[in-house]
Each structure stands twice: as structure tokens, then as C-alpha cells.
**Q** 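Below is a structure I'd like to ask you about.
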Amino acid sequence: MQQEQRAVDNADVAAVFLEMGELLAIAGGDLYRSRAFRTTARILEELTTPVGELLLLNRLTSIRGIGAGSVERIQQILQTGTCADHQKLLQRLPTGLREVLHVRGMGPRHARLAFEMLGVSNREQLEWVARNGLLRALPGVGDKTVDRVISHLDELKIGPPPRLLLRDALLLGARLVDWLKEDPAVVRVEQTGSARRRKETVGDLDVLVATARPAPCVQRFLAFPGVKEVLLAGESRASVVLEGVPGRGAMQADLRIVVVESFGAGLHYFTGSKQHNIQVRLRANQRKLAVSEHGVWERKLFGRNHGDENRKIARRITPGTVEGDLFAAVGLPLIVPELREGDGEIDAADAGRLPRLVELSDLRGDLGLRARSAAEAADLLAASKARGHAYGTWIRPLHEVDDVAAFVRQARALEDRLQLRVFCGVEVLIDKAGGVQVPATLRAAVDVVVGCAQPLLSVFDLAKAAQTARLLKAVSSGALDVLARPTGRRLLVQDGADLDLHPVLLSAAREHVAVEVSGDPQRLDLSARGCRADRAAGALLSLSSAATTVSETGLLQHAVWQARRGWIEPALVLNSRSAADVDAWLGERRPGRARSRTSTVTEAAPSPDRPVDPLVELLNTRPLSKALRARLEGFLHGDVDDELRRALEHDGPNALQKAFALLV
DNA sequence: GCCGTTTTCGGCCCGACTGTTTTCAGTCG
């Protein structure tokens, strides 16, 4: 009943489509139709613009994957929370069958048979029939399937399947890679999957091996210390369950094996994501090619009405030794793993508009060294310098700084001693109402004021609108140079605060406040999705290791990966600029600032000014109707808007005018 | 249900493994 009080949002509409898709599959309906519903659900989940706005603007069908049928259903769902097809399916099947579908070994057909023949309509009933020998009676279900179902049900009771922080997944993956390398027949081995895409958390470990002798390699994999269950083991692949952390479920590890000539194609396929792979293969199909983990093949075409015969392959056209071969075969430049989420990267690559992503080597300093004492700061800054940096920022929590003048003197002394530009800063907490307590004298004394958005747990209780307003107020206070931990999340422990990032980022861009991307593997806040949103909003990002120890200074790499997953180019990264430019940027924000001293530190040439995306400029400066603003923002978020895109593709100074004319 | 350099019908990613259906459907990633 409370549901009715709340407006239907994108996630709610997506949930209805997902339920329809899953129930339709179980009902034995058209599997392509089922898949289309699920695709629609995924698209809706990833939209950054409210689906209602797009509906009003008649823009929904311009999104690939959403057709007239979906628009009608979306309209119904927005009004009533459901739609006719949804209701029909719910009358036919209990919704609890969806959790049956999610049990390993139970696909749509088994779920349907269990319902029809055994009356199973939820997970508890599935467990009962499995343990009492009834499940075994279903056609196509044998002892092994029953064992697998029971084993997975037990795992599900322990808790949700565990995920690892990226850092930990890379460490465990490296152990597995080293273990497999011991086999002399292994030519190449690499960790693939979401870890290779540098996703913030990883659900299972994937490793790809190139070898001409797969059997001993599979055996070695099965003997990896910590393997507690073998899920499958064949000629070219094997899956095992690794012992988990006590109190949590176990983690799956998958081994894939290809011949060395196919290593690039295999690397591409097993790196994923699934959506990316499907899109690449569809593209290959359009070019009469077939892409698999073994390479790229020419499809023999027999014309219409020959169904499966069209699948027959005639000739391998590229061995796919490196990933670039595979992309080239489908007419694309190499797309780096961090972008392979099926979220617009293929269209961008096709149009020659892939971003030149920020790299670790672009960074000229670490903007987030968190040392507690001058001695620690010296170590961190020296480590930073050893990494080739020209400057570093020493940040201390304000409440730990008794004597600001002494702190600044220490920083200046370190600067002279280390021959490294040192910016000193304090971190202040943003209170529940968005207030920041920064006396003018303090602000003038230090180089940087960082506002941390996550002071207290109680702040997570704020409603979305209040949370957003809180950050907007802090950003526009004029007291902050950098906004840190915007959502306050701790991965695998605490979800971030519910807030609308986009206006906050737009405001940060207008107010010249940078937003921190923390390399702390447990935070990675701003998130990759936040970075992607910022690409449109245009706030400068401050990449930080958040290091408190020397070894943690290497975590700057995690911040870079995160930014790359968000399509961020160096121009949007504050610390890709020279020390002089960072100094100037800080100076702009405090006109009376005494710093800007001539440093004894030698500096590299300053980087050119950041080019402002004219579309972002338009969004920030022109008065636009709500509808037009939504359309522009949608486009900047990656929504498909062919009309707008075509207008912008006209070269020359009039491109923007054309686009603007088109909008009004 | 969606889409179109196969465009209003016909196809939709692809391959490996498993079980049990003696030739392939179901499941998975």
C-alpha cells in the first residue's frame, strides 16, 4: 500500500519488465520476446534520465532496443505500476518461480516442469522436492542436477554470493595465474572477466590459458589450493568453487583454454562484458562474419529460409592472436577493456569518437596523500616523487590540526627538502544540513580545503532530495576546493547515500569545485558511473590514492581505472595539469590568496587549457526549458538521439547553432 | 518484442558441457 505513495521510477519500471521476461521464459513463451523484455529492463535500469520525461518527449523509441510495444507498456506501468501483459503472466504463474529460476541447474524449462508436475512455486518448495527425491522424477533431471540444486540452495542460505574488491580479486587472480604458469605446456595465461575490465567488485575469477595440451592444464587448475568443489571439467574449460571467507558463500573460478593462435579472440570473449560481446557478434553478423572465442570466420550464406545453414562457417579470416585483430575484422579500433560494458562504446568506436582515456602516466601528482605527521608525509611525498610526480597534496583532517600555521610551515619545509611542490590541505566534514565550518583565515592559510560528504552514519537516513540539497549547498558555499566521498559508500559493506549526482556535478562544474575520485579500493567514490555522469557535467576530477602508507600510494592506479571506466579524458582531471596550473586553479578560487610563491621546484610545461564541450557549456549557460534540458542531458549521458547527433556532426562553427536550432 | 547494408518478414551470439532423450535439449557463461 505504501507503494502507491511513491512515484514510479526507472527502477520500478525496469523491475516489471524483468519480471515479465523471466515469467515469460518459464511459461514457455517466445524466448526472443522474453529476452527483449529483459533487454528493455536493463536499458531502463541504466538510463540516467527519468523514463517519464523521455516518454513525454517522444524520445523512448530512439533508444535502440525499445520499440512501440514497450512504450505503451511503460506508459501503463508509470500510471498504474503494472501493465496488462504483466498481470496476465502473474495470473498464470506464481512470482516465486523466479527465485527457482535463479537456482543453479534450474533453467526455465525445469522451473516450468517443477511447477506443473510437482506444484513447486518457490524456493522452499524446490528444496523440499529436491531433498525428497521428487525433483529427480522430472524429465531431463538426473542425480547430478539434483545435487547441484541442493548444493546451490545451501549456498544461498549462507548469504548472497560473495564478491571481492577489485584489489583482492587481482591478488587472488595473480596467485592462480602463477599457479597455472608452472605447467610448462602453458604458453600464455591471463586473468580475464570483470577484473580485467577493472570493475570495482568481482563476482568470480576468470582465467584464460593458451596451450596445446589442455588436459594437464585442467588437472593443474583443479589442484589449485582452496578448490573445494568441481562444477565441471571438460577439454577446454573447467569451473570450480573456491573455499570462501567463513560465514559467506564460496567463490567460483573459471578456466578457459584456447590454442595460442586464438589467444586474442579468447581474451576478448572471456573479458566480456556479456552485453559487449553480444553487440560485437551482432555487428559481425551484419558483416557476414561469425565471431567466437576461436577467431573470426566468414559465414556462408544460403539466403532466407535456411536458418541453421546460415550458421555454417566457411573460412577463418583471422586467427585473432591479439585483440586488435578481432576488432579490426569487424571494422573497429581497439576498445580497451574498461569500456567494454555494452554502454555505447561500440557506437563511439564506429564513429571514431572513443575517448582518449586518462592514464596513470598523465598524472603529475597525487591529490590525496593522507599523512598524520610530517614524518609520514615525507615518506608519502618521497614515494610520490619516485613515481615521477611533480607535486603532491598533503591532506589532514581539520580536527587533528592543532596549529594550522605550524602545519603549513611543515609542508613548506618538506617542499624545499624534497624538491617537490607540496600543497597542504585540510579535510572538513560537511554537516547534515550541508554546512561547512571553514573560517576565512584557515581558508587563506592552507592551499586546499576538502569537503568530505560522509561524516556520520545518520546522514544516510536523509531522503534523496535532502541528500542532494545537502551536497548542493556545500558545493556552492564557496568554502570548498574539492568535494570528497560524495556518496560515502564502502563497497560490500555500506551502500552509498541515495542522491542525485548529476545536479551536484553540474554545480561543482559551475562553482569550480573539483570532485575527488578516491583510489581506496573500498571506496572508489566517485563511482565509475558518477565519472561517466561527470563527463557530461564537466566538473574537474581530483584523482587520489587516499594513501596513508607508502605502499598505498600505488592505489592511485585504482582511481585511474575508475575514471577510465567513466570515459574520463585527461582534460577533465585536475592532477593531469602542471603544478603551476593547479596552483593557478586554486588561486582563482581565493582572490586574496598569498601563496602563488615562486617555487624553487622546477616545473614541466603547463598543459593547455581544458577544452570545454560546447554542449556542456550550452547546458550550463543558456536558459533552456525543462524538456530541452532533459534531451540535452540525456544525449550527454549517452542516450541515442540520432537527430541531435547528426546535427552536431556537421563540422564547423555552426554545428552547435544547428543543434540548438533543432532543439528549439 | 525489436530490428533492418537480408528493411515490414525472418532472424535474433556462440560454444562447451551435462545428462540421459541413443542424437540432442537444457543450462551456463
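So you know, we letter chains A, B, ... as the sequences are listed, proteins then strands, and number each from 1.
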**Q** For DNA chain B, determine which residues of residues 98-112 of chain A have any heavy atom closer than 4.0 angstrom to one of its atoms, and list them numerically.
**A**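 Of all residues in residues 98-112 of chain A, the ones placing a heavy atom under 4.0 Å from DNA chain B are A:Val103, A:Arg104, A:Gly105, A:Met106, A:Gly107, A:Pro108, A:Arg109, A:His110.
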**Q** Rounded to whole angstroms, how far apart are CD1 on A:Ile346 and P on B:dC13?
**A**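 About 13 Å, once rounded to whole Å.
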**Q** Could you walk me through whether A:Arg283 and A:Asp350 pass the salt bridge (charged side-chain N to carboxylate O under 4.0 Å, His left out) test, one step at a time?
**A** CA-CA 11 Å; A:Arg283 184 179 169 94; A:Asp350 187 45; 3.0 Å; yes
**Q** Quick one: is A:His152 getting a side-chain N or O under 4.0 Å of the B:dT27 phosphate, OP1 or OP2?
**A** no
**Q** Check whether any side-chain N or O of A:Arg35 sits under 4.0 Å from OP1 or OP2 of B:dC2, and answer yes or no.
**A**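 No, A:Arg35 has no side-chain N/O under 4.0 Å of OP1/OP2 on B:dC2.
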**Q** Tell me whether A:Glu72 at atom CD has more than 12 heavy atoms from other residues, nucleotides or ligands lying less than 6.0 Å away.
**A** no
**Q** Counting just side-chain N and O atoms, does A:Ser34 come under 4.0 Å of either OP1 or OP2 of B:dG1?
**A** no
**Q** Classify the nucleic acid contact of A:Arg287 as base, sugar-phosphate or nothing, counting any heavy atom under 4.0 Å across all strands shown.
**A** nothing
**Q** A:Arg136: which residues meet the salt bridge (Lys or Arg N to Asp or Glu O under 4.0 Å) condition with it, sequence neighbours left out?
**A** A:Asp143
**Q** Under 4.0 Å between any heavy atoms, over every strand shown, what does A:Ser70 touch: base, sugar-phosphate, or nothing? Just pick one.
**A**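 Result for A:Ser70 = sugar-phosphate.
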**Q** Assign A:Asp204 to base, sugar-phosphate, or nothing according to its heavy-atom contacts below 4.0 angstrom with the strands shown.
**A**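 The answer is nothing, as A:Asp204 stays clear of every strand by at least 4.0 Å.
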**Q** Pairs under 3.5 angstrom only: tabulate donor-acceptor contacts from the side chains of residues 169-186 of chain A to other protein residues two or more places apart or in another chain.
**A**
unit_1, atom_1, unit_2, atom_2, d
A:Trp179, NE1, A:Arg220, O, 2.8
A:Asp183, OD1, A:Ala185, N, 2.9

**Q** For atom C1', what is the distance between B:dG26 and B:dT21, given to the nearest Å?
**A**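 Nearest-Å result for B:dG26 against B:dT21 at atom C1': 11 Å.
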**Q** Between B:dT8 and B:dG15, how many Å separate the two P atoms, rounded to a whole number?
**A** 28 Å
**Q** The side chain of A:Gln252 lies closest to which of these nucleotides: B:dC14, B:dG29, B:dG1?
**A** B:dG29
**Q** OP1 or OP2 of B:dG1 versus the side-chain N and O atoms of A:Arg73: is any pair under 4.0 Å?
**A**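 Indeed, a polar side-chain atom of A:Arg73 lies that close.
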**Q** Listed by chain and number, what are the ring pair (Phe, Tyr, Trp, His ring centres under 6.0 Å) partners of A:Phe115, not counting sequence neighbours?
**A** none
**Q** List in chain and number order the residues that pass side-chain contact (heavy atoms from CB on, under 4.5 Å) with A:Glu229, two or more places apart in sequence or in another chain; answer none if no residue qualifies.
**A**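 A:Glu229 satisfies side-chain contact (heavy atoms from CB on, under 4.5 Å) with A:Ser151, A:Glu155, A:Leu231, A:Val241 once adjacent residues are dropped.
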**Q** Please report the distance separating the C1' of B:dC9 from the corresponding atom of B:dC14, rounded so that it comes out in whole Å.
**A**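 One C1' to the other, the span is 24 Å.
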**Q** Base, sugar-phosphate, or nothing for A:Gly69, non-hydrogen atoms under 4.0 angstrom?
**A**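 Sugar-phosphate only.
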**Q** Of the nucleotides B:dA16, B:dC14, B:dG1, which has the atom closest to the A:Ser292 side chain?
**A** B:dC14
**Q** A:His86: which residues meet the ring pair (Phe, Tyr, Trp, His ring centres under 6.0 Å) condition with it, sequence neighbours left out?
**A**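 For A:His86, no residue satisfies ring pair (Phe, Tyr, Trp, His ring centres under 6.0 Å) once neighbours in sequence are set aside.
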**Q** In whole Å, what separates the P atom of B:dG11 from that of B:dT6?
**A**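 These two P atoms come out 14 Å apart once rounded.
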**Q** Mind checking who B:dT8 pairs with, Watson-Crick or G-U wobble, both distances under 3.5 Å?
**A** none
**Q** Determine whether a donor-acceptor pair (one donor, one acceptor, N or O, separation below 3.5 Å) exists between the side chain of A:Tyr269 and the base of B:dG29.
**A** yes
**Q** Ignoring backbone atoms, establish whether A:Arg33 has a side-chain N or O less than 4.0 Å from OP1 or OP2 of B:dG1.
**A** yes
**Q** Inspect the surroundings of CZ in A:Arg131 and state if more than 12 heavy atoms from other residues, nucleotides or ligands are less than 6.0 Å away.
**A**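 More than 12 within 6.0 Å, yes.
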**Q** Could you tell me whether A:Leu31 contacts a base, only the sugar-phosphate backbone, or nothing, with contacts defined as non-hydrogen atoms closer than 4.0 Å?
**A**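 Nothing, no nucleic acid heavy atom in range.
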**Q** Could you tell me whether A:Glu293 contacts a base, only the sugar-phosphate backbone, or nothing, with contacts defined as non-hydrogen atoms closer than 4.0 Å?
**A**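 Touches sugar-phosphate only.
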**Q** Have a look at A:Val141 and say if it touches a base, only the backbone sugar-phosphate, or nothing, with a 4.0 Å heavy-atom cut-off.
**A** sugar-phosphate
